[in-house]
Amino acid sequence: MEKDFFQAVFDLARLIPQGRVTSYGAIAKALGTPKSARMVGYAMNASHQISDIPAHRVVNRNGLLTGKHHFNYPKEMEEKLLKEGILVQDDQILDFEKVFWDPSTELTNFF
DNA sequence: AGCTTGACTTTGA
DNA sequence: GTCAAAGCCAAGC
């Protein structure tokens with residue numbers, strides 16, 4: 001199976017449980033290419049045209065909603081996160097450590 | 001084939 | 001603790 005990096009990111013992104021978030025680097029690491037963290041975000045950019053990808057559950061390593069600007073409207077990301085029970089304030093996830101979901105840890109046998 | 005861009009991460013000062 | 005710079009891989013042109 002020669003699915004693109006994007007596909008892999010999308011698949012994993014869909015596995016993110018509700019009320020949890022993860023970082024681009026974590027996804028990249030889970031995919032086996034920790035250095036391609038930027039690609040994860042790049043892939044998410046395309047996720048809009050692909051299907052229902054919970055891109056709002058993916059933030060940078062600081063728990064900051066860096067990608068909010070790429071949504072239909074910036075507030076959308078924040079609203080969705082809040083709706084899922086994730087505390088967000090000023091584009092920053094408050095309890096980031098609590099809601100952080102590491103696919104590499106939770107889905108070790110994902111491959 | 002090469003160059004540019006990017007929703008990041010890590011390291012050094 | 002903060003701020004700045006380099007590195008990184010993949011897609012698009």
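Below, chains carry the letters A, B, ... as their sequence lines are ordered, and counting in each starts from 1.
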Visitor: Taking only residues two or more places apart in sequence, or in another chain, which ones meet A/Ser23 in a side chain to side chain donor-acceptor pair (under 3.5 Å)?
Guide: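 With neighbours one apart ignored, the set is empty.
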Visitor: For A/Tyr73, what are the other residues in its hydrophobic cluster, where any two members join if their side-chain heavy atoms are less than 4.5 angstrom apart?
Guide: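 Joined to A/Tyr73, directly or through intermediates: none.
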Visitor: Which letters describe nucleotides 8-13 of chain C, given B = protein heavy atom under 4.0 Å from base, S = only from sugar-phosphate, - = neither?
Guide: BBBS--
Visitor: Indicate, with a heavy-atom threshold strictly under 4.0 Å, whether A/His48 touches base, sugar-phosphate, or nothing.
Guide: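 Counting heavy atoms under 4.0 Å across all strands, the contact made by A/His48 includes a base.
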Visitor: A/Asp91 CG to B/dA7 C1': how many Å, rounded?
Guide: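 After rounding, the gap between these two atoms is 13 Å.
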Visitor: Just to be sure I understand the geometry, which residues of residues 66-89 of chain A put a non-hydrogen atom under 4.0 Å away from DNA chain B?
Guide: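 Going residue by residue through residues 66-89 of chain A, the ones with a heavy atom under 4.0 Å of DNA chain B turn out to be A/Thr66, A/Gly67, A/His70, A/Phe71.
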Visitor: Which pairs with one or both residues in residues 86-107 of chain A pass ring-ring contact (aromatic ring centres under 6.0 Å, His included), sequence neighbours excluded?
Guide: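 Residue pairs with at least one partner in residues 86-107 of chain A: A/Phe96-A/Phe100.
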Visitor: Quick one: which residue pairs count as a salt bridge (charged side-chain N to carboxylate O under 4.0 Å, His left out) with a foot in residues 91-101 of chain A, not counting sequence neighbours?
Guide: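 For residues 91-101 of chain A: A/Lys68-A/Asp91.
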Visitor: With A/His48, which residues qualify under ring pair (Phe, Tyr, Trp, His ring centres under 6.0 Å), at least two apart?
Guide: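 With sequence neighbours excluded, A/His48 shows a ring pair (Phe, Tyr, Trp, His ring centres under 6.0 Å) to A/Phe71, given in chain and number order.
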Visitor: Applying salt bridge (Lys or Arg N to Asp or Glu O under 4.0 Å), name anything that partners A/Arg57, two or more places apart in sequence or on another chain.
Guide: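 For A/Arg57 the salt bridge (Lys or Arg N to Asp or Glu O under 4.0 Å) partners, ignoring immediate neighbours, are A/Glu84.
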Visitor: Sorted by first residue and then second, give each salt bridge (charged side-chain N to carboxylate O under 4.0 Å, His left out) pair with at least one member in residues 12-26 of chain A; sequence neighbours left out.
Guide: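 Listed by first then second residue: A/Asp11-A/Arg14.
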Visitor: Salt bridge (charged side-chain N to carboxylate O under 4.0 Å, His left out): which pairs involve residues 69-78 of chain A, sequence neighbours left out?
Guide: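 Passing the test, one end in residues 69-78 of chain A: A/Lys75-A/Glu78, A/Glu76-A/Lys80.
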Visitor: Give one of base, sugar-phosphate or nothing for A/Ala55, where a contact means two heavy atoms less than 4.0 Å apart.
Guide: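 Base, at least one base atom sits under 4.0 Å.
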Visitor: Check every strand shown and say whether A/Asn45 touches a base, only sugar-phosphate, or nothing at a heavy-atom separation below 4.0 Å.
Guide: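 Base, at least one base atom sits under 4.0 Å.
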Visitor: Are A/Ile93 and A/Leu87 close enough that some pair of their side-chain heavy atoms sits under 4.5 Å apart?
Guide: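 No, their side chains stay 4.5 Å or more apart.
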Visitor: Taking Watson-Crick and G-U wobble pairs with both distances under 3.5 Å, convert DNA chain C into its dot-bracket string, 5' to 3', dots for unpaired and | for cross-strand pairs.
Guide: .||||||.|||||
Visitor: Can you name the side chain to side chain donor-acceptor pair (under 3.5 Å) partners of A/Asn45, sequence neighbours left out?
Guide: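 Per chain and number, A/Asn45 pairs via side chain to side chain donor-acceptor pair (under 3.5 Å) with no residue.
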